Amino acid sequence: MSKCEAAEALIVREVDGRLADGEAAILAEHVSACGSCRAKRLAGQQVARALARRTDAPVPAWFAARVSARVFGGEPQGWIDAVNWRRWTEWMLPVAAALLVIAVAVGNRGAATTSGTNEDAGSSTAAASSVDTLAWSGDVETATGLSVLGSEVTSDELLARMLGTASTETEGK
Amino acid sequence: MDPDRELVERARDGDQEAFADLVRRYEVRVFNLARVSTRNDEDAEDLAQEIFVRVFRGLRSFRGDSAFRTWLYRIAVNATRTQAGRPGLFGWFRRAEPEETDGTDPLDTLQSADAVEESAAYRDAIDHALGRLSPDLRMAVTLRDLEGLEYREIADVLGVPMGTVMSRISRGREKLRPILAEALGWTTGGADDAPERAE
């Protein structure tokens, strides 16, 4: 072991105030003649003082309670876990991703259906317009008969049949 | 005699309150050890929780050959080695942030230690500086200068000879010096440039 290697441990202990009297004299003699060890000692002193001034980070509230909940299982301790927004968000991420995939799939399917039935959509719009006209013109009976247009069970066939009826009745009047 | 012995035995027998007391007794130390490795509070909490979960699971195999504190630190150090490289979901976002924003290192935001020594910014600067060290050097310096462990206990925790501990502390401090000098605006006096910590 070289003198510098031996001095390294002495420097650490000197910085920490753990040096015996006899060792202090030996180290002082070596350091006075060794620039490298002198620099090492200065660095050690400066860094140790700087680190000693670091204050502890405060432990998050309810930390011990959350550890207990994890260790002993069972129900989460009241709202302690509920307010852990970060864990909440992480848990919800897969759900959000799944919903996004579903939304995209449904959107694509809807777009395909819409493009295939543009003509039907046009006639439906015309039908709805006819119903509005009848209702506002005071023809309550006809308008009531066409109220099926607003129902959830409206089909293309039913729609066509009702439109035909409405047109006939309107013309008759 | 190990001051934690009674609590440890009760916790081992399933006493939840005894285990909670152990957690409260060491939560500051474990959380800060974790924070040095993760460099943010959120991941540090996850890691600290994981450490205590491992402690509880290992209680039955803890024979008391060493002090509970030494054993706990050993688990903590092992956990930081395995977990620190695996940031949580938010860790990945945070890790990408500095490079994607202005590219500045948190250390660069500190021009002087005068006004911020007691602040979280000073703590962040120290933790980021420690983060630049290799894991071995970082842990040796952390256990000595932040956790206040004696050399023998550090050797027991890390499972290395005393000489290795002394060497790692020495080299770690030496490497930290220029990093802290740049971050804290040291001139010649190093840490003496900063005011003393208010107790």
Side-chain angles (χ1 to χ4, degrees), chain A residues 1 4-19 36-74 77 81 84-94 97, chain B residues 16 19-21 23-24 27-29 31-32 35 41-42 44-45 48-50 52-53 56-57 88-90 113 117-120 122-123 126-127 129-130 141-142 144-146 150-151 162-163 165-167 169-178 180-181 184 186 189-192 194 196-197:
Chain A
M1 180 184 285
C4 289
E5 286 175 337
E8 187 176 57
L10 292 181
I11 289 170
V12 170
R13 287 163 55 195
E14 182 194 44
V15 167
D16 293 335
R18 303 284 197 278
L19 210 55
S36 171
C37 285
R38 204 161 45 241
K40 194 173 290 185
R41 181 168 72 169
L42 179 63
Q45 291 167 342
Q46 293 173 338
V47 168
R49 275 198 294 272
L51 295 187
R53 289 172 180 158
R54 176 194 183 275
T55 54
D56 285 328
V59 177
W62 303 103
F63 175 79
R66 281 200 283 268
V67 170
S68 291
R70 275 189 66 178
V71 166
F72 297 107
Q77 300 193 358
D81 273 11
N84 191 346
W85 68 270
R86 188 165 165 269
R87 193 168 299 283
W88 256 88
T89 313
E90 288 188 12
W91 285 345
M92 290 304 292
L93 199 66
Chain B
Q16 298 187 17
F19 182 70
D21 285 345
V23 172
R24 282 188 284 269
E27 63 182 3
V28 174
R29 301 272 43 90
F31 179 73
N32 276 273
R35 197 186 187 286
D41 290 344
E42 291 78 13
E45 182 182 356
Q49 280 191 29
E50 177 62 26
F52 281 113
V53 169
F56 180 78
R57 288 175 183 160
L89 174 68
F90 287 80
E117 185 178 80
E118 290 294 316
S119 70
Y122 185 83
R123 183 165 52 241
I126 295 292
D127 291 356
L130 284 165
V141 173
T142 300
R144 174 64 215 146
D145 289 332
L146 297 188
E150 294 297 332
Y151 308 126
M162 277 272 286
V165 170
M166 307 304 279
S167 175
I169 293 172
S170 176
R171 284 185 289 138
R173 286 172 175 170
E174 199 175 0
K175 286 181 182 293
L176 269 178
R177 203 275 169 195
L180 288 175
L184 303 177
W186 288 351
D192 289 336
E196 290 297 320
R197 173 168 57 179

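These figures come from a predicted structure and were not determined experimentally. So you know, we letter chains A, B, ... as the sequences are listed, proteins then strands, and number each from 1. Computed over heavy atoms, backbone and side chain alike; hydrogens, waters and symmetry mates excluded.
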Okay, B/Ala48 and chain A: the region with an atom under 4.5 Å from a heavy atom over there is both

Could you have a look at B/Ser167, B/Pro178, B/Gly163, B/Ala44 and say which one has the most heavy-atom pairs with chain A under 4.5 angstrom? B/Ser167

Of the backbone (N, CA, C, O) and the side chain (C-beta and beyond), which part of B/Leu176 lies under 4.5 Å from a heavy atom of chain A, both, or neither? both

Would the distance check show the side chain of B/Arg123 and the main-chain N or O of A/Thr55 forming a donor-acceptor pair, the cut-off being under 3.5 Å? yes

For B/Arg57, is it the side chain, the backbone, both, or neither that has a heavy atom closer than 4.5 Å to a heavy atom of chain A? neither

Could you report the tightest heavy-atom contact between A/Ala50 and B/Ile126, atom names first, then the distance? O-CD1, 4.1 Å

Kindly give the heavy-atom pair with the smallest separation between B/Ser170 and A/Val12, and that separation in Å. CB-CG2, 3.6 Å

Closer than 4.0 angstrom, basic N to acidic O: yes or no for A/Asp56 and B/Arg35? no

Here the pair of heavy atoms bringing B/Tyr151 nearest to A/Arg18 is OH-CG, 4.0 Å

Any non-hydrogen side-chain atom of A/Phe63 less than 4.5 Å from a side-chain atom of B/Arg24? no

Where on B/Thr142 is there a heavy atom nearer than 4.5 Å to chain A: the side chain, the backbone, both, or neither? neither

Could you check whether B/Arg171 pairs with A/Glu8 (Lys NZ or Arg NE/NH1/NH2 to Asp/Glu carboxylate O, under 4.0 Å)? no

What is the distance from atom CZ of B/Arg144 to atom CG of A/Leu51, rounded to the nearest 0.5 Å? 11.0 Å

Distance-minimising heavy-atom pair for B/Asn32 and A/Ala57: OD1-N, 2.7 Å

At a 4.5 Å cut-off on heavy atoms, which part of B/Glu150 comes close to chain A: side chain, backbone, both, or neither? side chain

Closest non-hydrogen atom pair between A/Val59 and B/Val28, with its separation: CG2-CA, 3.6 Å

So which of B/Lys175, B/Arg177, B/Glu174 actually passes side chain to side chain contact (heavy atoms under 4.5 Å, CB included) with A/Val47? B/Arg177

Value rounded to 0.5 Å, distance of CD in A/Gln45 from CZ in B/Arg173: 10.0 Å

Any side-chain heavy-atom pair of A/Arg70 and B/Phe56 under 4.5 Å: no

Any salt bridge linking B/Asp145 with A/Arg54? Criterion: basic side-chain nitrogen under 4.0 Å from a carboxylate oxygen. no

B/Phe19 versus A/Val71, closest heavy-atom pair with distance: CE2-CG2, 3.8 Å

